[in-house]
Amino acid sequence: MNFSNILSLGGGLGLFLFGMTYMGDGLERAAGSKMKDLMEKLTRNPFFGFLLGMLVTAVIQSSSATTVMTMGMINAGIMDLAQATGVIIGANIGTTMTSILIALDVSALAPACIFTGALLMLYSKKPSYKHIGQIILGFGLLFQGLHTMSGAMSSLKDLPAFQNFITTATNPVLGLLFGILMCAVIQSSSASVGVLQALAMQGLMPIHFASFLICGINIGSSMPPFLASINAKNNAKRAACIYFIYNVIGALIFMPVTMFTPYTDWLATLSPYPVVQVSFCHIIFKVVTALLTLPFTNGIVKLAFKFVPKVEHESELRFLYIDDHLIRSPSVAITQAFKEIERMAGMTRENFIMATEGLINNDVSKSAQIQEKEEVIDYLNENITEFLVKVTALELSDPDSQVIGNMFHVLNDLERIGDHSASLCKKTQVFVDKQLIYSEAAKEEIAEIYQKCLILFDESVSAFMRQRLTKSQAKKLTQLDETIDALTIRSQDNHIARLRAQQCHTEPGVIFAKALHDLERVGDYSINVAFAARRGSYMPHEI
């Protein structure tokens, strides 16, 4: 094997890896949001999650992409780790689709696929056609790379040392370790099995030794998830552990089966073609391991928690649902952002209630709580914004771009409501310090406006989280906002009348007028949140 063959082998492997990744990215972009919706609906049962993980990975041809999508949904609270385990196990089976395609030997179609895919990529104007072109181009490059690898390996037939090694290789430990090392270097189990199949095409991969290699390749395939989870959240680390546990169990089953039973002789009877035998060996490893581990999902999850124990976080200045180390799928990233915005809205609501009721009752006992939550609200506003900026760097559909644009506005609206709540708290502190009091009439007016504002806030946030605001709902909320404005004007007039009648003093009266301004602004920012649910340009309320 000369230097030219080595270059061809490296180039073919690079083309194979690039084609597989490129095809998977195209499939994910074409169907990612639909797959995410399916995963939300069908993962409550681990078995359905298993089937769905298998389907999604068979379509997008990337177990890592499926795993990233799954972990994003765990962080977003859509599924728990037990449900995700079913998806991860199914994803492992889905990756065998590449080996099936290689076994079918459709490499003759590679040039036509490259030509067709390139035309669609270069000259199509519609994004959907470009995604289809990317899928076809990636498919063609994958098989062109396989063809190049196979041709480069043909020279190995002429090397007596390699022939002697491969025909007499029976050491299970050597096969296991070599498989682990190969997959750890290539960073893809599908590509590693593809290399075995390329060798098999040249008659250089006996199925007995291939079985040991496949056990090692599957353990080595745990390396990419582990690397991806180094800086990620604990659930991502647990998912990597689950992936590793699954493949170690498979190796523990099939190593002795290969060593002490006629398992590989049976595989040889299934097809006379070595490339097909390698594919069968890979598929059986995945399927049998899945069927044996799926009933013990809860036990695997508990074992993962042994590796990565649960840690109590002291500070709320952190994301609960977003994991920005796993940004890949726009649909999952948007789901995570929605959950964090919902959390931020909940804290904003709590602060508004505590601050306004404290104002009415001259109570500052919850000032420290309000300040702590205000810090978290500010933190979330800043960091969710940074996260969304990163998401905008991905290739987004027009609806996703619009939703993210509206999210930026909602974050600002919620942060401003939080500011007005903190302002109300400060006004209460002034009242307490100076021993000032409101008249009963003033308290009643504040209470009435407050109740209207709270209803408007709740219904607006609900509309935004549903991403649906009908014309009748918009009309109702607009009328409610106008009612708040009218009540504010009426209270200001009543306040002036009380001042003239000397029923209240000037200093508390000034603070009362400013408190009315805070409440009125809360109403304005609240209805802005509602209008961000509309499918169209963002239309903020005039304030």
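In what follows, every heavy atom counts, from backbone to side chain, and hydrogens, waters and symmetry copies are set aside.
Residue Arg416 is tested with Leu414, Asp413, Asn412 for a side-chain contact (heavy atoms from CB on, under 4.5 Å); the sole match is Asn412. Tested against Leu487, the residues Ile484, Asp485, Thr483 include a single side-chain contact (heavy atoms from CB on, under 4.5 Å) partner, Thr483.
Remark: Ile180 pairs with Leu176, Ile219 by the side-chain contact (heavy atoms from CB on, under 4.5 Å) rule, at least two apart or across chains. Residues that satisfy the side chain to side chain donor-acceptor pair (under 3.5 Å) test with Ser401, not counting sequence neighbours, are absent from this structure. Remark: Phe464 engages Phe338 in a ring pair (Phe, Tyr, Trp, His ring centres under 6.0 Å) (not counting sequence neighbours). Arg468 meets the salt bridge (Lys or Arg N to Asp or Glu O under 4.0 Å) test with no other residue; sequence neighbours excluded. Contacts of Phe457 classified as ring pair (Phe, Tyr, Trp, His ring centres under 6.0 Å), with partners at least two apart in sequence or in another chain: none.
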Exercise for the section: Please lay out, stage by stage, how Asp518 and Arg521 fare under the test salt bridge (Lys or Arg N to Asp or Glu O under 4.0 Å). Expected result: CA-CA 5 Å; Asp518 286 323; Arg521 286 293 183 264; over 6 Å; no
Exercise for the section: Determine, step by step, whether Met354 and Asn351 satisfy the side-chain contact (heavy atoms from CB on, under 4.5 Å) criterion, reporting the C-alpha distance in whole Å, the side-chain angles of both residues, the deciding distance to 0.1 Å, and the verdict. Expected result: CA-CA 5 Å; Met354 288 190 293; Asn351 263 15; 3.5 Å; yes
Exercise for the section: Mind running side-chain contact (heavy atoms from CB on, under 4.5 Å) on Cys425 and Gln429 for me, showing each step along the way? Expected result: CA-CA 6 Å; Cys425 183; Gln429 188 66 56; over 6 Å; no
Problem - Stepwise side-chain contact (heavy atoms from CB on, under 4.5 Å) test for Asp524 and Asn528 - result: CA-CA 7 Å; Asp524 290 337; Asn528 281 352; 5.8 Å; no
Exercise for the section: Quick one: do Asn247 and Thr289 satisfy side-chain contact (heavy atoms from CB on, under 4.5 Å)? Show the steps, please. Expected result: CA-CA 8 Å; Asn247 287 300; Thr289 306; over 6 Å; no
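Of all heavy-atom pairs spanning Phe352 and Cys453, the tightest one is CZ-CB, 3.8 Å. Leu424 approaches Ala355 most closely through the heavy-atom pair CB-CB, 4.1 Å. Annotation for Ser462 and Arg466: closest pair OG-NH1, 2.6 Å, computed over non-hydrogen atoms. When all heavy atoms are compared, the tightest approach of Ile446 to Ile360 is CG2-CG1, 3.8 Å. For the pair Cys241 and Phe307, the tightest heavy-atom approach, listed with the atom from each and the gap, is SG-CB, 3.7 Å. The nearest pair of heavy atoms linking Ala290 to Ile89 is CB-CG2, 3.4 Å.
Atom CD of Gln435 sits in a sparse spot, with 12 or fewer heavy atoms from other residues, nucleotides or ligands closer than 6.0 Å. The number of heavy atoms from other shown groups lying within 6.0 Å of NZ (Lys443) is above 12. No more than 12 heavy-atom neighbours from other residues, nucleotides or ligands sit within 6.0 angstrom of CZ on Phe296. Other residues, nucleotides and ligands contribute over 12 non-hydrogen atoms within 6.0 Å of the OH atom of Tyr450. Remark: Lys452 NZ is loosely packed, at most 12 non-hydrogen atoms of other residues, nucleotides or ligands lying under 6.0 Å away.
The main-chain N or O of Ser526 is found under 3.5 Å from a side-chain atom of Ser460 such that the two form a donor-acceptor pair. Judged purely by atom type and a 3.5 angstrom limit, Thr96 has no side-chain atom pairing as donor or acceptor with the backbone of Asn92. The backbone N or O of Lys366 sits nowhere less than 3.5 Å from a side-chain atom of Gln369 that would complete a donor-acceptor pair. A donor-acceptor contact shorter than 3.5 Å links the side chain of Tyr246 to the backbone of Lys286.
Using the six-membered ring where Trp is involved, Phe319 and Phe387 have ring planes that are perpendicular, over 60° apart on the 30 and 60° scheme.
Between Glu448 and Glu444, every side-chain heavy-atom pair lies at or beyond the 4.5 Å cut-off. In this structure, Val391 and Asp400 have side chains that are not in contact, with every pair of non-hydrogen atoms separated by 4.5 Å or more. At a threshold of 4.5 Å between non-hydrogen side-chain atoms, the residues Glu415 and Tyr525 do not count as touching. In this structure, the side chains of Ile353 and Arg349 come closer than 4.5 Å at one or more pairs of heavy atoms. Between Leu519 and Thr488, the closest side-chain pair of non-hydrogen atoms is not below 4.5 Å. You'll find the side chain of Phe531 reaches within 4.5 Å of the side chain of Ile527, heavy atoms only. Met407 has its side chain within reach of Ile334: a pair of non-hydrogen atoms, C-beta onward, lies under 4.5 Å apart. At least one side-chain heavy atom of Ser221 sits under 4.5 Å from a side-chain heavy atom of Tyr243.
Taken to the nearest 0.5 Å, the CD1 atom of Ile242 stands 11.5 Å off from the OG atom of Ser222. Put simply, CG on Leu292 and CD1 on Ile249 are 9.0 Å apart, with the number rounded to the nearest 0.5 Å. Expressed to the nearest 0.5 Å, how far CD1 of Ile322 lies from CZ of Arg343 amounts to 9.5 Å. The line from CG of Asp458 to CG of Leu454 is 4.5 Å long, rounded to the nearest 0.5 Å. To the nearest 0.5 Å, atoms OG1 (Thr428) and CG (Asp433) are separated by 10.5 Å. Annotation: the span from Ile384 atom CD1 to Met344 atom CE amounts to 6.0 Å, rounded to 0.5 Å.
Side-chain contact annotation: Lys476 with Ser472, donor-acceptor N/O pair under 3.5 Å absent. Judged by distance alone, the side chains of Asn361 and Glu357 never bring a donor and an acceptor atom under 3.5 Å apart.
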Side-chain donor-acceptor distances from residues 372-383 under 3.5 Å, at least two apart:
unit_1 : atom_1 : unit_2 : atom_2 : d
Lys373 : NZ     : Glu350 : OE1    : 2.8
Asn383 : ND2    : Tyr379 : O      : 2.8

